[in-house]
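Shown next, in structure tokens, is the structure this report addresses.
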Amino acid sequence: MMGISVWQLLIILLIVVMLFGTKRLRGLGSDLGSAISGFRKSVSDGETTASSETVKQELK
């Protein structure tokens with residue numbers, strides 16, 4: 001079973017940078033980061049909403 005070496009990863013990274021350019025990759029990275037942070041925020045908001053609804057139901 002053969003793994004990917006460091007040199008193979010560097011060559012793949014170089015090809016990707018040459019194909020897409022650094023500006024597009026930077027924009028893609030920031031979009032991905034925004035999506036992940038939005039997802040985390042919605043998950044934490046959902047948890048707080050669910051816990052507050054549970055408390056309201058227990059008080060009734």
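The figures that follow rest on heavy atoms only: side chains count, while hydrogens, waters and symmetry mates do not.
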ILVMFWY cluster membership beyond Trp7 - transitive side-chain contacts under 4.5 angstrom
Val6, Leu10
Can you give each donor-acceptor pair under 3.5 Å made by side-chain atoms of residues 13-28, sequence neighbours left out, with the distance rounded to 0.1 Å?
none

Show which side-chain atoms of residues 31-42 pair as donor or acceptor with protein atoms under 3.5 Å away, not counting sequence neighbours.
| unit_1 | atom_1 | unit_2 | atom_2 | d |
| --- | --- | --- | --- | --- |
| Ser34 | OG | Ser30 | O | 3.0 |
| Ser37 | OG | Gly33 | O | 3.3 |
| Ser37 | OG | Ser34 | O | 3.0 |
| Ser42 | OG | Gly38 | O | 3.4 |
| Ser42 | OG | Phe39 | O | 2.8 |

